[in-house]
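Have a look at the structure below before the remarks.
These figures come from a predicted structure and were not determined experimentally.
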Amino acid sequence: MAEINSTNDKQLFTYEQVYKVDFDAATGSKIAVVVLMSVFFVYINGIMLFALRSKPVFHETPRYILFAHMLFNDSVLLLVTTVMYAMSLALLHVAKGVCWLLVLISTCTFQNAPLTLAVMSLERYVAICYPLRHSTIATQKNTAIAIGILWFLSSLNFVIDIIYEFINDPNQLVKITFCTREKLFVAKWQADTTQGFEILYFLSVTVIIIFTYISIMVAARSVSSNKDSAKKAHKTVLLHLIQLGLCLTSFLYGTIERTLYMISGSSSSLFIHLRYLNFLTVLILPRCLSPLIYGLRDEAVRHLFKYYFCYATSKVKPAVNVL
């Protein structure tokens with residue numbers, strides 16, 4: 001029985017092993033795509049953040065505070081993920097203390113985006129379904145508390161891992177290791193707990209999104225005086241669902257990677273290519289598209305974004321009308 005459990009544990013962690021990658025033209029192209037995408041969209045997010053800082057009304061409106069938080073969160077995730085990706089290709093080993101910090105930031109920002117979008121959908125739900133109570137529920141203070149809760153939830157699992165490892169070995173900080181999330185696991189229950197948290201967050205966010213947007217769609221149809229308004233509301237809900245769905249797939253990143261390893265079998269070369277596609281499409285791409293889709297569909301943000309993106313060449317700064 002013990003032998004069977006040992007074999008299962010070995011299979012569980014096999015896909016997490018380090019693979020040496022030859023630096024050829026294909027590898028260089030992959031690195032270039034990841035780095036250029038990350039840098040470009042961090043630049044786009046920076047312009048949007050600057051646009052949001054330019055008008056006081058954005059500092060006072062909960063949905064724009066949450067949107068600014070999402071932009072900042074995704075920008076940090078893109079930067080840290082790109083750094084860790086470069087470190088993995090270079091097979092760079094660092095002190096565990098440094099690795100803990102990098103993984104803590106990447107883990108928090110990784111889980112924050114879907115959780116933030118869930119809070120944003122709740123804010124819209126209150127605004128549309130309970131408009132008279134919106135100003136008392138969705139305040140700046142409550143928004144700040146909600147953001148604090150998001151960071152607490154996203155960091156909880158990893159902080160537990162850090163405390164557990166530090167209690168077992170106080171010298172963990174100075175040990176040299178190859179820096180990945182999985183390399184910090186010292187027991188199988190840590191991997192199981194991480195997967196459990198991911199499933200819990202995935203189900204929770206999915207339920208919140210489905211509930212709030214069905215409620216919003218029903219409310220929009222009931223108050224609409226014509227079919228065009230109802231159709232517009234339906235398209236808006238569909239766009240949000242697609243956008244939120246992109247971020248929800250991030251919770252399945254680890255599960256997809258394990259599945260890809262089983263599909264590729266003993267071919268490490270095939271698994272490396274599939275792992276890269278998973279990294280690019282599930283982890284990087286949604287973080288690039290989500291803020292862009294959300295920001296450019298908002299009329300107030302879109303005009304300011306175009307103004308600053310074109311280096312403020314227009315003589316008249318666009319006015320902002322927040323509804």
(request) Taking the side chain as every heavy atom from C-beta outward, state whether E60 and K55 have any atom pair closer than 4.5 Å. (result) no

(request) Work out which heavy atom in A118 is nearest to a heavy atom in I208; give both atom names and the distance. (result) O-CG2, 3.8 Å

(message) Would you say that I147 contacts L66 through its side chain, given a criterion of any heavy-atom pair below 4.5 Å between the two side chains?
(response) yes

(message) Could you report the tightest heavy-atom contact between E123 and H134, atom names first, then the distance?
(response) OE2-NE2, 2.7 Å

(message) Can you tell me how far apart CZ (F197) and CG (D192) are? Round to the nearest 0.5 Å.
(response) 12.5 Å

(request) State the CG-CD1 distance between L52 and I47, to the nearest 0.5 angstrom. (result) 12.0 Å

(request) Decide yes or no on side-chain contact (heavy atoms from CB on, under 4.5 Å) for V126 and L122, but give the supporting numbers first. (result) CA-CA 6 Å; V126 173; L122 285 172; 5.6 Å; no

(request) Step by step, work out the side-chain contact (heavy atoms from CB on, under 4.5 Å) result for L285 and M37. (result) CA-CA 8 Å; L285 192 60; M37 279 183 62; 3.8 Å; yes

(message) Does any part of the side chain of F41, heavy atoms only, come nearer than 4.5 Å to the side chain of L36, both counted from C-beta?
(response) no

(message) Please report whether the ring centroid of F58 lies less than 6.0 Å from that of F67.
(response) no

(request) Look up atom CD1 in I105 and atom OG1 in T81, then write down how far apart they are to the nearest 0.5 Å. (result) 10.5 Å

(message) Please report the interatomic distance CG(L156) to OG1(T107), rounded to the nearest 0.5 Å.
(response) 12.0 Å

(request) State, to 0.1 Å, how close Q111 and S154 come at their nearest heavy-atom pair, and which atoms those are. (result) OE1-O, 3.3 Å

(request) Measure the shortest side-chain to side-chain distance between V57 and Y64 over non-hydrogen atoms and say whether it is less than 4.5 angstrom. (result) no

(request) Hey, can you tell me if F211 and Y125 have their rings parallel, tilted or perpendicular (30° and 60° cut-offs)? (result) tilted

(request) First locate atom CG of N157, then atom CD1 of I162, and finally report the distance between them rounded to the nearest 0.5 Å. (result) 10.0 Å

(request) For residues T82 and S38, report the shortest heavy-atom separation together with the two atoms involved. (result) OG1-OG, 2.8 Å

(request) Compare every heavy atom of L49 with every heavy atom of A68, then report the nearest pair and how far apart it is. (result) O-CD2, 3.5 Å

(request) May I have the step-by-step check of side-chain contact (heavy atoms from CB on, under 4.5 Å) for T109 and V80, ending in yes or no? (result) CA-CA 9 Å; T109 52; V80 174; 5.9 Å; no

(request) First locate atom OG1 of T139, then atom CD1 of I65, and finally report the distance between them rounded to the nearest 0.5 Å. (result) 9.0 Å

(message) If we ignore hydrogens and angles and just use 3.5 Å, is the side chain of N112 paired with the main-chain N or O of C108 as donor and acceptor?
(response) yes

(request) May I ask you to test the T143-H69 pair for a side-chain heavy-atom distance under 4.5 Å? (result) no

(request) Might you point out which heavy atoms bring N73 and A113 nearest each other, and give the distance in Å? (result) ND2-N, 3.7 Å

(request) Assess whether side-chain contact (heavy atoms from CB on, under 4.5 Å) is satisfied between R124 and T212, documenting all intermediate values. (result) CA-CA 8 Å; R124 287 292 83 199; T212 55; over 6 Å; no

(message) Less than 4.5 Å apart, side chain to side chain, heavy atoms only: is that true for F110 and L283?
(response) yes

(request) Kindly check if the number of other-residue, nucleotide or ligand heavy atoms within 6.0 Å of CZ (F279) is above 12? (result) yes

(request) Answer whether the closest heavy-atom distance between the side chains of L150 and V119 falls below 4.5 Å. (result) yes

(request) Flag yes if W100 and I176 sit in one hydrophobic cluster, no otherwise; membership is Ile, Leu, Val, Met, Phe, Trp, Tyr, and two members link when side-chain heavy atoms are under 4.5 Å apart. (result) no

(message) Do L200 and L115 sit in one hydrophobic cluster, given that two such residues count as connected whenever their side-chain heavy atoms are within less than 4.5 Å of each other, even indirectly?
(response) no

(message) When you group the ILVMFWY residues by side-chain heavy-atom contacts below 4.5 Å and let the links chain together, are V207 and I199 in the same group?
(response) no

(request) Describe, in one word, how the ring planes of F50 and Y308 are oriented to each other, choosing from parallel (under 30°), tilted (30 to 60°) and perpendicular (over 60°). (result) perpendicular

(request) Check whether any side-chain heavy atom of V103 sits under 4.5 Å from a side-chain heavy atom of M84, and report yes or no. (result) yes

